[in-house]
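Note that ligands are numbered from 1 as they come in the structure, with each ligand's atoms numbered from 1 the same way.
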Amino acid sequence: MKKTICLLPGDGIGPEIIAQGKLALEAVAKKFGHEFIFEEALLGGAAVDATGEPLPEATVDKCKAADAVYLGAVGGPKWDGLEPAKRAERGLLGIRKALGLFANLRPARLFPELAGACLLRSDIAARGLDLVIARELTGDIYFGAPRGMEKRNGKRVGFNTMIYDEDEIRRIARVAFKTAMGRKKRVCSVEKSNVLETSRLWRDIAIQTRMEFPEVSLEHMYVDNAAMQLVRDPSQFDVILTGNLFGDILSDEAAAITGSLGMLPSASLGESGPGLFEPIHGSAPDIAGKDMANPLGTILSGAMLLRLGFDMPAEAETVENAVRDALASGFRTGDIMEDGKTLVSCSAMGREVAARIK
Ligand code: IPM
Ligand code: MG
């Protein structure tokens, strides 16, 4: 099959990890006889430096014309002082919005090969950890208006608006229930309906939408409790359905307990058009340019691109197996290093994985 992939390497370690992700996809194309055409566009700080804007028009156009978008990471201290509209992160939020990517799937699982890196007590880890966070991605307090910072009665105030309409909740709820149908058929809807109106609506719509999926069980949990349960006993979760802000926070937590933020992939999908695939971690400016980053979250995002973006399950599995095999062979980047394993660079890890795809 012939497919176009738009690469958005971004900032910090972004270009290093995307290079390894691309290597894996090239190996897949070769093995399975596909033709992947790679385009590249600017996003985030890299785009600010080149054009003055974190999300140039040309980038939106290239992404829309592609079959999938493959993103590294954006942001860094260099651009932190800029006015809000020019910050690198605005580029990321802008491309999600421009492509209508309302559904963000973040699977967190414990690779048996990395059990030693898991932060949980061993009896808790032994119960297993294999969940997916279905995070709403284009609404909530991230985009709600009014927002701003101004002077009121001589004092500076900052304000944002947490807002969801029922259609926005329904469409992400459907994605969560559909995802659960392919798994253990359990959805836990996470909100704060003891305090927030948006959350009360969220719970109502979750209950309504479940009627369309009678085989799936639905449970509700307040976000503070969910944060606690994630470390107390993550084995209780299958699919977590939640809003943009709560999903942002809980997905870092879910990632960290698996052992490393560097391992976790994500897929952002819309109603139609190209999906966007990116690791959940940030641009890690402290190790940028040092060839030290863990490329596995990016490579596994490439597997999600193949499975969910291109409907290529066998190809996706080949990539996932190659990652597991590289880990089983003892190769580790610094973030997941343990005694007795072989410390490798970002690019060496990428080569190990690509070699196992061929
Ligand atoms: C993420 C990131 C982004 C978010 C930032 C960089 C804007 O934390 O993808 O989780 O908050 O969505
Ligand atoms: Mg985040």
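For the Mg ion (ligand 2), the set of nearby N, O or S atoms under 2.8 Å includes none belonging to Asp252.
Phe143 carries Lys97 over the face of its six-membered ring, with the cationic atom under 6.0 Å from the centre and within 45° of the normal. Geometrically, Arg147 does not engage Tyr142 in a cation-pi contact defined by less than 6.0 Å to the ring centre and at most 45° from the axis.
Given atom 9 (O) of ligand 1, the protein heavy atom at minimum distance is Arg96 NH2, 2.7 Å. Looking only at protein heavy atoms, the nearest one to atom 8 (O) of ligand 1 is Asp248 OD1, 3.2 Å. Of the protein's heavy atoms, Arg106 NH2, 3.4 Å lies nearest to atom 1 (C) of ligand 1.
Under 3.5 Å, the side chains of Arg186 and Ser217 contain no donor-acceptor pair of N or O atoms.
Short contacts between ligand 1 and Arg135, defined as distances under 4.0 Å to a heavy atom of the residue, involve ligand atoms 1 (C), 4 (C), 9 (O), 10 (O), 11 (O), 12 (O). Close approach of ligand 1 to Tyr142 is summarised as follows: ligand atoms under 4.0 Å from at least one heavy atom of the residue are 4 (C), 11 (O), 12 (O).
Of all the N, O or S atoms in Asp248, the one closest to the Mg ion (ligand 2) is OD1.
When Ile280, Val74, Leu92 are checked for heavy-atom proximity to atom 5 (C) of ligand 1, Leu92 turns out nearest.
Electrostatic pairing of Lys30 and Glu26 does not count as a salt bridge here, judged by no charged N lying under 4.0 Å from a carboxylate O. Ionic pairing of Glu150 and Arg156 is not present here: no N-O contact between side-chain nitrogen and carboxylate oxygen is shorter than 4.0 angstrom.
Under the 4.5 Å side-chain heavy-atom criterion for Ile, Leu, Val, Met, Phe, Trp and Tyr, Phe310 and Leu276 are members of distinct hydrophobic clusters.
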